[in-house]
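Just so we're clear, the structure is a prediction, and the values are computed from it rather than from any experiment.
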Amino acid sequence: MTSRKGGLRAFIWPAVLVYTLLFVVPAIYGAAISLFDWSGIGTKATFRGFGNYLFILTDDAFRQSFINTLVLAVSGGILIFLAAFCCMAVLRQMKGRGFIRSVVYLPNIISPIAIGAALSFALDSRGALNQVLSWIGLPPQSWLGPDLVFRCIIAGLAWSAAGFYVILLMSAVDGIPEDLYEAASLEGVTKVQAFRMITLPLSWDVFATCAVLWVIGSLKVFEIVLAFTGSANSGVPLSARTVAIQQYMAFNDPSGLPHLGVVSAIGVLMFLLSLVLVGLTRRLTRREALEL
Amino acid sequence: MRLSRRTASFMAIGTIAIATVALSGCGQKVGGGDAGEKSGGTVTYLTAWPADTPQAKIFAQAAKDYTSKTGVKVDIKQLGNGGSTAIINASNSGTGPDMFDDSPDNAPAYRSAGLIADLSDVLSSKAEGESTTIKEDYPKSVIDAASDKDGLAFIPHTILSGGVWYDANAHPELVSKAPASWDDLKAEFAKLKESGKVPIAQEGGNASYNVLWFYWLMLRSHGPGAILNLSKSADAWSDPAVLAAAQEVASIRPYFQSGYDGSRYPNAQNAWAQGDYVFDLNGSWLAGEVKSVVPSSAKLSTFPFPTYGADSKSVEELNVLGWTVNAKGKNAKGAKEFIKFLVQKKYIEKIGSDALNIPARSDVKAPSALAAMQKAVLDSSATTGYMDNAAANAPTWYKDVLLALDDQLVFGKITPEEFVAQGKEKTAAYIASGTR
């Protein structure tokens with residue numbers, strides 16, 4: 001018995017080795033770089049202690065990008081889960097719900113870069129949206145101007161990401177036995193009450209997982225912002241930057257010398273932040289397991 | 001599933017083997033010659049120009065001609081999006097190219113990695129089939145622009161500068177009498193607006209174009225170093241010229257096209273090229289960029305940024321693009337020979353005729369659109385590098401302080417006084433943080 005267990009345990013060693021070499025070691029190395037000012041292989045590394053962290057925490061640009069990221073996480077999350085709950089309530093019994101599910105999921109398949117680029121050309125001051133607005137007599141807006149660009153990015157991101165969470169939550173809803181709903185309708189329960197009292201509690205665990213996935217994913221939003229606003233040689237405007245963008249700009253420096261210490265420090269901070277936010281999310285969505 | 005010990009161990013070994021083979025495909029391979037290459041056999045040239053650009057075609061043609069003449073193979077590879085980091089990493093791991101192209105902005109990065117070979121022997125040689133040394137083929141200001149304190153960094157092929165663009169066919173009166181002073185230019189803006197035209201095409205989504213108004217006004221006020229000094233001391237912002245320049249920028253906002261703040265690159269410049277707007281303050285590369293949308297009835301032309309104030313400084317921006325030889329490359333000698341072939345007049349001429357940029361050699365004329373700019377740059381008594389060298393020497397300040405504040409000024413979110421006050425405050429914070 002012991003020898004077979006030991007033999008099976010040997011199977012995990014390749015995975016542990018790969019995981020350690022390719023994930024744990026580089027992560028520790030990255031955390032070590034965050035204490036230096038270094039510009040890559042061949043250049044000298046000067047020790048800065050926590051200087052990089054101090055710089056980041058007092059830097060206005062980083063603070064703006066950090067606030068943007070939090071706004072994105074919260075408002076994007078609200079938009080997405082609102083859409084997902086609507087779908088859960090409405091699509092549960094609709095005819096053709098499989099087809100609608102595929103349609104809702106479609107934007108998630110498209111690369112965020114393609115979505116960002118396409119939307120930004122449609123939202124340009126001379127783009128399609130303003131043309132349509134002028135046909136119906138509404139004034140054109142500067143959708144990509146400093147006030148509105150980030151909201152457009154959040155909307156584009158929510159549209160792109162919602163399908164993924166809808167699919168997950170719908171599959172949870174599919175697992176709820178139909179006779180519960182039948183019994184409820186016999187008792188005279190409205191659709192909204194049915195959603196609140198049956199659908200939501202029984203799919204809560206999946207929702208909790210989705211919330212954690214969204215929180216982690218929203219802290220890493222990058223390509224869609226770059227495709228929306230990045231242009232040839234000017235970087236991303238301050239009002240649209242997320243933390244990942246700020247990290248990228250420290251890396252893709254106009255002088256050709258990346259600030260790897262700052263880049264790593266931002267990475268470490270975001271990792272710690274995601275730990276905190278995930279812990280918070282799990283605590284907020286925690287509940288006793290429901291026996292069915 | 002019951003596995004015998006043999007099957008289990010085979011599976012484990014097989015998994016590790018597959019994983020190793022798969023992972024060995026990772027890692028950066030950039031250019032690089034094969035081991036054991038004889039000098040003169042192959043030259044690897046890593047170019048930043050994508051294959052469909054005119055520059056890439058010119059260099060590829062030159063490489064073909066060189067191979068048919070000397071038998072030396074020139075292996076041109078695309079750099080892609082790696083940038084200078086890719087070249088530096090590859091060179092330090094032994095697979096770097098023999099030569100590559102870039103601009104002096106990135107010279108500090110290459111120098112600190114020890115990647116720029118001594119080019120003085122190339123300068124004192126003659127180009128293929130010509131009678132003058134390469135050094136004599138270039139104006140002194142161009143050689144200086146391509147050099148840093150350690151000597152020549154790049155052998156230039158293109159000059160990059162900036163000025164005001166317009167359509168000479170739509171506005172022939174500007175050809176003979178371009179606005180000579182800033183006040184003349186502002187009067188022209190007002191006149192155009194009154195006649196119902198949109199005077200200025202402003203690409204609001206591109207911060208490095210938004211800053212050009214403030215940039216040129218400061219250069220005219222204080223000459224080279226005007227912008228760079230703003231990054232070195234917070235007190236430099238108290239200079240009245242800074243507030244005056246900011247106020248001028250705020251005063252021309254009514255002349256931008258409506259919705260300029262939501263304009264994504266390259267929509268404003270394409271619309272300008274098609275005649276919707278009159279002027280575009282941009283770089284010398286603009287004609288090349290809008291080539292595909294310019295109607296045949298248009299004749300794009302430029303004039304240098306006008307004088308400003310009673311004591312306007314004569315200074316033009318002079319940045320170069322060029323080739324350099326990798327000091328850690330395997331065939332530096334072969335690369336130098338190829339460069340001597342590349343700088344022949346017949347290829348540099350094509351930078352003007354095909355690529356629509358300003359060629360770097362003194363005996364080559366720029367296309368007619370850029371003639372006025374070329375003359376202004378070469379005649380100017382003083383020159384400065386791209387963005388007054390602020391982007392290269394104070395990159396974090398340039399991106400996060402100057403461009404960010406200037407965008408807010410150009411969009412009308414802050415007043416000129418707030419611009420100066422916040423500039424002073426943020427520059428002080430930047431200097432105190434000790435970041436580059």
Asker: Heavy-atom distance under 4.5 Å to chain B: side chain of A:Ser120, backbone, both or neither?
Answerer: both

Asker: Below 4.0 angstrom, N of the basic side chain to O of the carboxylate: do A:Arg241 and B:Asp400 qualify?
Answerer: yes

Asker: With a 4.5 angstrom heavy-atom cut-off, which part of A:Ala250 approaches chain B: side chain, backbone, both or neither?
Answerer: backbone

Asker: Please step through side-chain contact (heavy atoms from CB on, under 4.5 Å) for the pair B:Gln408 and A:Leu238, ending with a clear verdict.
Answerer: CA-CA 10 Å; B:Gln408 292 190 289; A:Leu238 214 50; over 6 Å; no

Asker: Rounded to the nearest 0.5 Å, how far apart are OG of A:Ser239 and CZ of B:Phe411?
Answerer: 8.0 Å

Asker: Heavy-atom pairs under 4.5 Å with chain B are the metric here; pick the option from A:Phe251, A:Phe121, A:Trp143, A:Trp13 that has the most.
Answerer: A:Phe121

Asker: Looking at A:Ser142 and B:Gly259, what are the two nearest heavy atoms and their distance?
Answerer: OG-CA, 3.6 Å

Asker: Is A:Phe228 in contact with chain B via its backbone, its side chain, both, or neither, using a 4.5 Å heavy-atom distance?
Answerer: backbone

Asker: When rounded to the nearest 0.5 angstrom, what distance separates CG in B:Asp261 from OG in A:Ser125?
Answerer: 6.0 Å

Asker: Drop me the distance from B:Lys426's NZ to A:Asp59's CG, to the nearest 0.5 angstrom.
Answerer: 8.5 Å

Asker: Under 4.5 Å from any heavy atom of chain B, what part of A:Gln141 do you find: side chain, backbone, both or neither?
Answerer: neither

Asker: Which atoms of B:Ala391 are under 4.5 Å from chain A, going by heavy atoms: the side chain, the backbone, both sets, or neither?
Answerer: both

Asker: So does A:Phe47 have more than 12 non-hydrogen atoms from other groups sitting under 6.0 Å from CZ?
Answerer: yes

Asker: Given a strict heavy-atom distance threshold of 4.5 Å, which part of B:Asn270 is in contact with chain A: side chain, backbone, both, or neither?
Answerer: neither

Asker: Out of curiosity, A:Asp60 CG to B:Gln422 CD, how far, rounded to the nearest 0.5 Å?
Answerer: 8.5 Å

Asker: Against chain B, work out which of A:Asn130, A:Leu144, A:Asp124, A:Val149 has the most heavy-atom pairs shorter than 4.5 Å and name it.
Answerer: A:Asp124

Asker: Which heavy-atom pair separates B:Ser433 from A:Arg48 by the least distance, and what is that distance?
Answerer: O-NH2, 3.1 Å

Asker: Above 12 or not: heavy atoms from other molecules or residues under 6.0 Å from NZ of B:Lys291?
Answerer: yes

Asker: Could you state the interatomic distance from CZ (B:Arg264) to CZ (A:Arg126), rounded to the nearest 0.5 Å?
Answerer: 15.5 Å

Asker: Does CZ in A:Arg151 sit with more than 12 non-hydrogen atoms of other residues, nucleotides or ligands closer than 6.0 Å?
Answerer: no

